[in-house]
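Computed from a predicted structure; not experimentally measured.
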Amino acid sequence: MTAPSSTSQPEPRQMLTVEQAAETLGIGRTTMFALVKSGDIESVRIGRLRRVPADAIDAYFAKLQAEQSQ
């Protein structure tokens with residue numbers, strides 16, 4: 001068994017908190033919650049927690065690009 005390398009990058013998270021997702025997009029927490037509530041950004045509930053799948057961020061970004069290129 002090999003020890004983890006100190007130079008290796010941590011695995012990207014599959015699920016983000018709303019705050020982490022907001023930081024990823026460079027927007028505020030309140031704006032992110034509004035996007036989640038409106039359904040513009042997909043999210044899931046795990047117990048009492050709200051999480052945003054990492055690929056939902058990419059999908060939202062692609063949607064914005066498509067809308068602006070029309």
Side-chain angles (χ1 to χ4, degrees):
M1 190 168 176
T2 61
S5 172
S6 62
T7 60
S8 66
Q9 295 291 328
E11 287 288 319
R13 291 182 181 247
Q14 297 298 312
M15 301 293 272
L16 305 170
T17 65
V18 174
E19 289 82 2
Q20 289 169 331
E23 186 176 319
T24 300
L25 287 173
I27 61 175
R29 180 178 178 269
T30 303
T31 302
M32 186 67 193
F33 271 108
L35 289 169
V36 166
K37 184 176 181 179
S38 70
D40 287 331
I41 294 184
E42 176 190 353
S43 70
V44 296
R45 258 188 110 74
I46 303 172
R48 294 177 59 193
L49 304 174
R50 174 71 55 190
R51 294 293 183 254
V52 177
D55 60 351
I57 301 296
D58 296 332
Y60 179 68
F61 185 66
K63 178 182 163 187
L64 288 178
Q65 285 182 316
E67 288 174 357
Q68 291 183 13
S69 67
Q70 291 179 358

So among D40, V36, I41, which one has a side-chain contact (heavy atoms from CB on, under 4.5 Å) with S38?
D40
Rounded to the nearest 0.5 Å, how far apart are CG of L16 and CD1 of I57?
6.0 Å
Flag the pair V44 / M15 as yes when at least one side-chain heavy-atom distance between them is below 4.5 Å, and no otherwise.
yes
Linking I/L/V/M/F/W/Y whenever any side-chain heavy atoms sit under 4.5 Å apart, do F61 and V18 land together?
no
Common cluster, F33/I27, ILVMFWY with side-chain heavy-atom separation under 4.5 Å:
yes
Looking at G28 and A22, what are the two nearest heavy atoms and their distance?
O-CB, 3.8 Å
Is it the case that over 12 heavy atoms from other parts of the model lie below 6.0 angstrom from the CD atom of Q65?
yes
To the closest 0.5 Å, what do you measure between CG (L25) and OH (Y60)?
7.5 Å
Any residue meeting salt bridge (Lys or Arg N to Asp or Glu O under 4.0 Å) with E19, in chain and number order, not counting sequence neighbours
R29
Rounded to the nearest 0.5 Å, how far apart are OG1 of T30 and CG of L35?
11.0 Å
Inter-residue atom distance E23.CD - M32.CE, 0.5 Å rounding:
12.0 Å
Decide yes or no for E42 and P53: does some side-chain heavy atom of the first lie under 4.5 Å from some side-chain heavy atom of the second?
yes
Keeping the roles fixed (side chain from Q20, backbone from T17), state whether a donor-acceptor pair exists under 3.5 Å.
yes
